[in-house]
Amino acid sequence: QVQLVESGGGLVQAGGSLRLSCTASGLTFSNYAMGWFRQAPGKEREAVAAINWGGDSTNYADSVKGRFTISRDNAKNTMYLQMNSLKPEDTAVYYCAADRRFTRVLTGYGVDYWGKGTLVTISS
């Protein structure tokens, strides 16, 4: 049974930092591209960042470029999202996703596996 478990969410002030983690089990992690998505209350899900199998190719939403960094440690079956200079508009539930196809974790459509999410709240 495949599981993706996010952690690291919480409440921080604007300008602060958080690091999210997504730990996978039940799959061969290094065979999967991974992505972070978020959904704010009343808004559609949006792609935040994606990383390929080896970690040498990444992609970011314009809204987080220069502030967020996605990475992965295949030995630990874990993906990370370092979030700096956080803004109130970053408030959302953050989800991780896994798929064999990098194109799918860029958009979220047809993704094989999703985590249950972790809440990030940024106060102004």
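- Residue S124 comes nearest to A14 through the heavy atom pair CA-CB, 4.4 Å, listed as atom of the first residue, atom of the second, then distance.
- K65 meets the side chain to side chain contact (heavy atoms under 4.5 Å, CB included) test with Y60, D62; sequence neighbours excluded.
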Using atom types as modelled, flag every donor-acceptor pair under 3.5 Å from a side chain in residues 101-108 to any protein atom, sequence neighbours excluded.
unit_1: R104; atom_1: NH1; unit_2: G110; atom_2: O; d: 3.3
unit_1: T107; atom_1: OG1; unit_2: Y109; atom_2: N; d: 3.2

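- S25 meets the side chain to side chain contact (heavy atoms under 4.5 Å, CB included) test with Q3; sequence neighbours excluded.
- C96 and L4 make their closest contact through SG-CB, 3.6 Å (heavy atoms, listed as atom of the first residue, atom of the second, distance).
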Can you give the donor-acceptor pairs under 3.5 Å from side chains of residues 72-79 to other protein atoms, not counting sequence neighbours?
unit_1: R72; atom_1: NE; unit_2: W53; atom_2: O; d: 3.4
unit_1: R72; atom_1: NE; unit_2: N74; atom_2: OD1; d: 2.7
unit_1: R72; atom_1: NH1; unit_2: Y32; atom_2: O; d: 2.8
unit_1: R72; atom_1: NH1; unit_2: N52; atom_2: O; d: 2.8
unit_1: R72; atom_1: NH2; unit_2: F29; atom_2: O; d: 2.9
unit_1: R72; atom_1: NH2; unit_2: Y32; atom_2: O; d: 2.9
unit_1: R72; atom_1: NH2; unit_2: N74; atom_2: OD1; d: 3.2
unit_1: D73; atom_1: OD1; unit_2: A75; atom_2: N; d: 3.0
unit_1: D73; atom_1: OD1; unit_2: K76; atom_2: N; d: 3.4
unit_1: N74; atom_1: ND2; unit_2: W53; atom_2: O; d: 3.1
unit_1: T78; atom_1: OG1; unit_2: T23; atom_2: OG1; d: 3.3
unit_1: T78; atom_1: OG1; unit_2: K76; atom_2: O; d: 2.8

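- Going from atom CE of M83 over to atom CZ of R19 covers 11.5 Å, rounded to the nearest 0.5 Å.
- The two residues A97 and F37 come nearest to each other via the heavy atoms CB-CE1, 3.8 Å.
- Of the inter-residue distances, the one linking N59 atom CG with I70 atom CD1 reads 9.0 Å to the nearest 0.5 angstrom.
- Within the structure, side-chain hydrogen bond (donor to acceptor under 3.5 Å, both in side chains) pairs that include any residue of residues 111-122 do not occur (at least two apart or interchain).
- Distance CG/L11 to OG/S123: 5.0 Å, rounded to 0.5 Å.
- Listed here is the closest heavy atom pair of E6 and G117: OE1-N, 2.8 Å.
- For the side chain to side chain donor-acceptor pair (under 3.5 Å) test, residues two or more places apart in sequence or in another chain that qualify with Y94 are R38.
- The minimum heavy-atom distance linking L18 with L86 is given by the pair N-CD1, 3.8 Å.
- The line from CG of D90 to OG of S63 is 7.0 Å long, rounded to the nearest 0.5 Å.
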